[in-house]
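Throughout, numbering of the chain's residues begins at 1 and tracks the sequence. In each ligand, atom 1 is the first atom listed, and ligand 1 is the first ligand listed.
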Amino acid sequence: AATEWSRWSEASRLVTPHPAPPAVPPGSTGPLASPTYFWGTYRPHVYFGMKTRSPRSVVTGLMWLQHGGGLRHTCESGDGPARYGWVMHDGENFGVQEIRDGRLLLRTEFVKQPGGDHGGDWSWRVTARTEGKGPAPLLSLFFYVATDGQGELRPVLHNGTRLAAVEGTSEELGNFTLTFLPPTGEGEEEPKYASYNFLAAGVPGLHRLTELVQRSLREASLFSPPGRPRRHYLGVSRTGGLPGEPPQGQLLLHQVTLEAPAVLEVVLESGSAAGARRGRLAGQALGAALARHAAAFERRFEDTFGLGARGATPPQRRFAQAALSELLGGLGFFHGRSLLRSERSSEPLPGPEAVLFTAAPSRSCFPRGFLWDEGFHLLLLARWAPALARDVLAHWLDLMNADGWIPREQILGDEARARVPPEFVLQHSETANPPTLLLALERLLPDAPLPYLRRLSPRLRAWFSWLNRTQAGPEPLTFRWRGRDADAERFLNPKTLASGLDDYPRASHPSEQERHLDLRCWMALGARVLAALAERLGEPPEPYSDMALALSDNALLERHHWAPELGAFADFGNHSTAVALRWHRPAPVPGQAPPAPRLRREVREAPRPRFVGALGYVSLFPLLLQLLRADSPRLPALLGAMRSEAKLWTPFGLRSLARDSPWYLQRNTEHDPPYWRGSVWVNVNFLALRALHGYAHTAGPHREQAAQLYRELRHNLVTNMFRQHEATGFLWEQYRDSDGAGQGCHPFAGWSALVVLAMAEDY
Ligand code: 6A9
C-alpha cells in the first residue's frame, strides 16, 4: 500500500503545476495589457498565417496552388518550395517574406495598426510573379479564416461566389471584419481578371485544414478571361467537411484564381478600432506603411547590431537580417497539454493545460518549443527586443510542475501533436535539458525590471534545485544526465537526449557511476547566474555563490574530469573501448520465415570504470562556459584540440567530434545516421566564440592564442553560413564538416540565427 500511495503522489505531482505565482501575470498577454503582441505570425508551421495570443484563437492563413502542382500550406523541408523565409520581420508590427516555388515568386507582407481594445487592425499584401518564359500555370490563392472551439464567422458574398468579407466575433477579438480586396496587377489600381470560389465548412481541428481543402477541390471551375481561351481548374466546392467528424470550429475560405503578376490584399479591421481609424490600410496607404516599416527595420537593425559600421557588405547585411527575421517569424503561440510519464507511474498522463509563447528551432521540421534551444534563441531576441525575450522566458518557467521539472520538448495542441510520431510524444519526468535559459537570464539581468525578476526568482530556484537533486552524480559536485537509452544493446553508444547532444558518445554502459562533464559545467553556470540574480534582488546569494565557487575550483574539476590518457577533459563512467555494431541473425524459428538480420552491439572488451575517450564538444565545456581560469595549464591542450585539423578544426567551424575519434561519423543503429558525431553545430560554435572572445580579453599566458583562434573561427563560421545561405536560401540545422554544406533540417533559424551575434561580435 505504501508504494501504491507514493506512486499515486508522484503521479499527481507530475501533472500539478508549480505552486509559485505565475511568471506571466494572468491577463498580461491579452489585447488590453499587451496590444502590440496580440496578433502575430504565431503559426510558424504555415508559410503565412496569423493568430492571436489566446488559447483558442481565430486563425488566418494562406494556401496556394499552381494548377498541375500540389497544394501548399504547411512548411515543408522536402518537396516544398525551393526557398522561403522572412527577409524582414520586426517581431511585432511588420514582416516581409519571400517564397520561390518553381517559377512562382510570392511575397507575403503584413503590417499591424494599433487601435481599439482588441489588438487593432492588420493588412496583408501578397504579390505573385512568375519567372521565366512561356505560359505559366494558373495560380490559385486561398485565404482562410477559421475558429478553434470558440467564436463565430459569417460570410459576406458578392454575386453568390465571391467571398468579399467575413464578419466575425470571438471572445478576445470582439467584432471584426476581414475583407478580401479584389486583385490588381502590379502597380495598378484597377481590378484584375480572376475567378472566385469559396468554401464554408466545419473543421474537426486545425490540424486537418490542408486535408479538408484538398478534399473539396473539384475540376469543375472555369477560368474564362475575355477574348482568351477558357480553362478548367480545381476549385473548392462550396460546402465541404470531413465526413463523420464532429466540427470543432468553422472555416471560411476565399479562393482567387488568376494569372500572375498580381497583388492581393486582405484587411482585418477590429470593431473597437473604428473610432481611431483614418481610412482603410490598403492600396497606396498600405504601400506607404510597408515602406515606412521597412525603413524603420533597417535603421533599428543597424542601431542594434552595427553591421554596416563594421563593414559588412549589403548581401551580408541582408543575410543577417533574414536570419533574425526567420527567428522572429518563427515565434509561435501554443496551447494544449503535454503527455507526461514518470519513472514509476505506468501510464502516460496528460499534463495541465498550458500556453507557450516561444521561438521554434525549425518552421518545417520542429515548429514547437524546445527547452535548451530556447536559451540560445533568447540570446539573440534579448538584443533585438528585451521585453519580448523576457516574456518568452517567463512563459517557459510557467511550464514547471510541482517538482520543479520543465519538459524538454513542448508538443502542445493538435497541430503540434499531428507532426510528431506517437513514440516521440511522451516526455519523461527524469529527463533534464541544459539550463540555457539561465544563459539568457544572465544577459537580461542588468536591464530587467525588479518586479519581473522577483516573479521569476522562485521558479528559477525550484528549477535549479530540481536539476541539482535529480541529476546528482555519484560524488558530491558531480552530475549525471538521467534517462539515457535503456536498451543499450541496440546502439553503438546509448543516446543521452537530456544533454541535447543526443548521440554524442558517452560511457558505453550507462550506470550510476557516471559523471557528465557538460552537465557539471552547466550547473556551475546556473549557480553563478542564480547568485547574480539574488544579488540583483538584494537577497543573500547563498547557497548559489558557494556552489558556484566550489564548481569553479579548477583543481576539483581536474580531479573529476581530466583524463590524462586523452590529454583532455572527459566524462567518466563504466566504459568499454572495444564496441562495434555487427550484423546478427536471430535464431530461426521452425516453420516461420527466416528472421531479418539486425545490427546488434558487440562488446569485445569488458567495460570498467574509466574516462570516456571521446574528444569533442563535451571535452571543451570547461572552456565553452569559461569555467577554466585564463591561466589554467589545461587551456593550451584545449586550444590545441580546437585548432587541430585532425581533431576539431574545419574551415567551416568546429566539428562536434574529433576526426580521429572511433565514433567519428559512425551510425548509432542501422536507422540512426551520425548526428552529433562530426557535423558543425552553430550553438556550440557560438559558445566557443563567446568564450574565446572572453579569454582574448582577459590577462593570461594564452590570450594571444585565444584571440587568433577567435578571429579565424569567427571568419570560418560566418563565411560558410553566408555562402550556404546564398546558395540554398536557408539556414541549416548543422553544416557538414567536410565541405560546409548545410545538413538536416532547413529552414533552421533557431540557434543557427546566432550567426547574427557572431557577425556583430556581441557576446
Ligand atoms: C522527434 C522526430 C519523423 C535535436 O532542435 C531541437 C532538437 C535539439 O534540442 C537537440 O539538441 N533537435 C537536437 O539534438 C531536434 C529534435 C527533433 C525531435 C523530433 C520526432 C520524428 O521525425
Applying side chain to side chain contact (heavy atoms under 4.5 Å, CB included), name anything that partners R490, two or more places apart in sequence or on another chain.
-> D487, R600
For H18, ring pair (Phe, Tyr, Trp, His ring centres under 6.0 Å) partners two or more places apart = none
Between F376 and F686, is the gap from one ring center to the other below 6.0 Å?
-> no
In plain terms, say whether E98 and R83 are close enough for a salt bridge, that is, a side-chain N and a carboxylate O under 4.0 Å apart.
-> no
Go through the structure and list residues passing ring pair (Phe, Tyr, Trp, His ring centres under 6.0 Å) with F611, not counting sequence neighbours.
-> F572
Ligand 1: protein N/O within less than 3.5 Å of ligand N/O:
from	atom 1	to	atom 2	distance (Å)
ligand 1	5 (O)	D373	OD2	2.7
ligand 1	9 (O)	W372	NE1	3.1
ligand 1	9 (O)	D373	OD1	2.5
ligand 1	11 (O)	W372	NE1	2.9
ligand 1	11 (O)	G500	O	2.6
ligand 1	14 (O)	G500	O	3.3
ligand 1	14 (O)	D502	OD1	3.0
ligand 1	14 (O)	D502	OD2	3.0
ligand 1	14 (O)	W676	NE1	2.9

Scanning both residues in full, the closest heavy-atom pair of M642 with A688 reads CE-CB, 4.0 Å
